[in-house]
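Bear in mind that the values here come from a model prediction, so they are computed numbers and not experimental data. Along the sequence shown, the residues carry numbers beginning at 1. As the structure lists them, so they are numbered: ligands from 1, and atoms in each ligand from 1.
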Amino acid sequence: MMACQGWPEPVIRVQALAESGLTTIPERFIKPKSQRVTTTNNNTPNPNQSNSHTHDDRENINIPVIDMKELYDGDERLREEAFRRVAEACKEWGFFQVVNHGVSHELMKSAREVWREFFHQPLEVKEEFANSPLTYEGYGSRLGVKKGAILDWSDYFFLHYMPSSLRDQAKWPALPTSLRKIIAEYGEEVVKLGGRILEILSINLGMTEDYLLNAFGGENDLGACLRVNFYPKCPQPDLTLGLSSHSDPGGMTILLPDENVSGLQVRRGEDWITVKPVPNAFIINMGDQIQVLSNAIYKSIEHRVIVNSNKERVSLAFFYNPRSDILIEPAKELVTEDRPALYPPMTFNEYRLYIRTKGPSGKAQVESLTSQCDSTCA
Ligand code: OGA
Ligand code: NI
């Protein structure tokens, strides 16, 4: 698979479309029925609508919340219990929220709000940073280059933070003027948080605490990038999605959701659970590379984003990834006779071409690797 030079058809800026005041959405955004939002579980398309008058038990389900303070300075028993809860969240959900994570709440807020301001600038200011599928860096509106693909109801900005050789502030928005400084600071804090979480995961997997960080290339070489998602209001939210179902291809994602508007849904069997963000928390999820390294003890989880007609939504997805050119394969210690290696070695560079070409497609990619491995990886 080759990376493409250009987009296959003229780019549609979803925010500009939404702001044009249309009352029905173009056909290009209408999802097949099987992918649309249904109202049988807690995934109401209207985040402001209360569920209190339904009698569905699932409305109260939420992903686990981990108090990171307990992982460090609780008494021994509390600490073990907190580690155990993280392990369970990784195995059962692949998603959890963290509080007392050490990142300044002020900084989280200013990072989100400076990006909101970015998106509310005139189109020309944003178009200066228009991206291409070659690197995806910059202002974009689609994922994947399949001509005629059904599109998602969102725009985004994608930038590299690590390794420092790829960090080029000239490719980050110049306006608002405070953006570059805030995002540099935010990146630094979130990378630190990512490092702490990787240590916890490594210990829980029975490895040394630096195992995953080293597998990712070490603190100077790991990959880290930020995808800021902007989901405009949508006049027909039940016909489309803000972001189609996918698992994150990288290592681990540290998501800062919008304070006021929910939208992220996590797949649980046949249900979609709407995540209710806890104030000042980050949402953490396992990506495909952690599934590979852990030999599927931890799994990446399918998730998607729904939109609504009343409120725009801004989220910052910080991807904490392996260096792009090292081979990622199941840890030797986690491969046994009973549990042979489920995945062949592959670099993240090679791996991510799939989503960059085909767009979001559930868990198709990591599952196709398992089948390749039936006879060859043990
Ligand atoms: C992503 C993602 C979720 C959200 O960017 O990969 O899943 O809530 N975002 O925006
Ligand atoms: Ni995602």
Side-chain angles (χ1 to χ4, degrees), residues 14-15 35 37 43 45 47 62-63 93-98 108 111-112 115-116 119 131 136-144 151-161 190 194 223-234 237 240-268 272-278 281-291 299-308 311-321 348 351-352 354-356 358-366:
V14 180
Q15 185 183 2
Q35 293 177 21
V37 176
N43 62 10
N62 202 0
I63 58 174
W93 287 89
F95 261 90
F96 54 94
Q97 304 193 56
V98 290
M108 294 164 75
R112 185 174 51 229
W115 279 110
R116 194 188 305 278
F119 282 100
N131 75 345
Y136 273 88
E137 285 173 284
Y139 176 54
S141 299
R142 67 185 285 167
L143 192 54
L151 302 173
D152 288 340
W153 194 263
S154 54
D155 301 318
Y156 63 85
F157 198 101
F158 181 76
L159 60 83
H160 283 291
Y161 189 77
V190 175
C225 34
L226 176 66
R227 183 180 145 107
V228 182
N229 299 295
F230 185 87
Y231 305 97
K233 292 180 205 171
C234 178
T240 190
L241 289 170
L243 184 53
S244 294
S245 171
H246 65 284
S247 60
D248 292 347
M252 173 175 77
T253 304
I254 303 170
L255 181 83
L256 176 61
D258 202 304
E259 202 166 30
N260 307 310
V261 196
S262 57
L264 172 64
Q265 295 191 322
V266 174
R267 182 165 178 159
R268 187 95 168 141
W272 289 97
I273 308 293
T274 302
V275 174
K276 298 174 192 76
V278 167
F282 282 105
I283 298 170
I284 310 293
N285 67 287
M286 304 295 110
D288 295 345
Q289 305 306 308
I290 292 225
Q291 176 166 336
K299 294 192 190 62
S300 62
I301 297 294
E302 266 182 78
H303 52 285
R304 68 180 188 183
V305 177
I306 59 173
V307 286
N308 74 87
K311 280 191 175 140
E312 68 184 35
R313 178 169 179 271
V314 176
S315 71
L316 275 59
F318 197 91
F319 302 117
Y320 193 105
N321 293 334
F348 180 48
Y351 190 91
R352 72 171 158 199
Y354 186 100
I355 192 167
R356 289 185 166 193
K358 298 197 179 182
S361 32
K363 286 204 66 171
Q365 180 174 21
V366 73

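- Every heavy atom of Tyr156 sits 4.0 Å or more from the atoms of ligand 1.
- What sits closest to atom 5 (O) of ligand 1 on the protein, heavy atoms only, is Asn229 ND2, 3.1 Å.
- Put simply, the side chain of Leu143 reaches to within 4.5 Å of the side chain of Arg227, judged on heavy atoms.
- Proximity of Ile283 to Ser315: side-chain heavy atoms (C-beta onward) are nowhere separated by under 4.5 Å.
- Close approach of ligand 1 to His246 is summarised as follows: ligand atoms under 4.0 Å from at least one heavy atom of the residue are 1 (C), 2 (C), 6 (O), 7 (O).
- Separation of atoms CZ (Phe282) and CZ (Phe318) is listed at 9.5 Å; rounding is to 0.5 Å.
- Distance from atom 2 (C) of ligand 1 to its nearest protein heavy atom, with residue and atom name: Leu243 CD2, 3.5 Å.
- Using modelled atom types, one finds a donor on one side chain and an acceptor on the other under 3.5 Å when comparing Ser141 with Asp155.
- Atom numbering of ligand 1 starts at 1 in the shown order; those under 4.0 Å from a heavy atom of Leu264 are 3 (C), 8 (O).
- Although no hydrogens or angles enter the test, the distance criterion places no donor-acceptor pair under 3.5 Å between the side chain of Gln291 and the main chain of Val366.
- Close approach to Tyr231 involves these atoms of ligand 1, each under 4.0 Å from a residue heavy atom: 4 (C), 9 (N), 10 (O).
- Applying the side-chain contact (heavy atoms from CB on, under 4.5 Å) test between His303 and each of His246, Gln265, Arg267 identifies His246 as the sole match.
- Near Ser315, meaning under 4.0 Å from one of its heavy atoms, ligand 1 places the atoms 4 (C), 8 (O), 10 (O).
- Applying the 4.0 Å criterion to heavy atoms of Arg227 picks out, from ligand 1, the atoms 5 (O).
- Looking from atom 8 (O) of ligand 1 to the surrounding protein, the closest heavy atom is Arg313 NH2, 2.8 Å.
- Of all the atoms in ligand 1, the ones that sit under 4.0 Å from a non-hydrogen atom of Ala317 are 5 (O).
- The aromatic rings of Phe158 and His160 stand perpendicular to each other, their planes meeting at an angle above 60°, with 30° marking the opposite boundary.
- Note on ligand 1: Arg304 sits outside its first shell, no heavy atom being nearer than 4.0 Å.
- Residue-level proximity to ligand 1 for Leu255 is carried by the side chain, the only part with a heavy atom below 4.0 angstrom.
- Distances from the Ni ion (ligand 2) to the N/O/S atoms of Asp248 are shortest for OD1.
- Of all non-hydrogen atoms in Arg352 and Asn321, the two that sit nearest each other are NH1-ND2, 4.2 Å.
- Residues Tyr156 and Asn131 approach most closely at OH-ND2, 3.1 Å, considering heavy atoms.
- Inter-residue side-chain proximity for Arg313 and Pro257 is flagged as met; some heavy-atom pair is nearer than 4.5 Å.
- Using a 4.0 Å cut-off between heavy atoms, Phe318 makes no contact with ligand 1 at all.
- Heavy-atom proximity to His303, at under 4.0 Å, picks out these atoms of ligand 1: 7 (O).
- Looking from atom 3 (C) of ligand 1 to the surrounding protein, the closest heavy atom is Val305 CG2, 3.6 Å.
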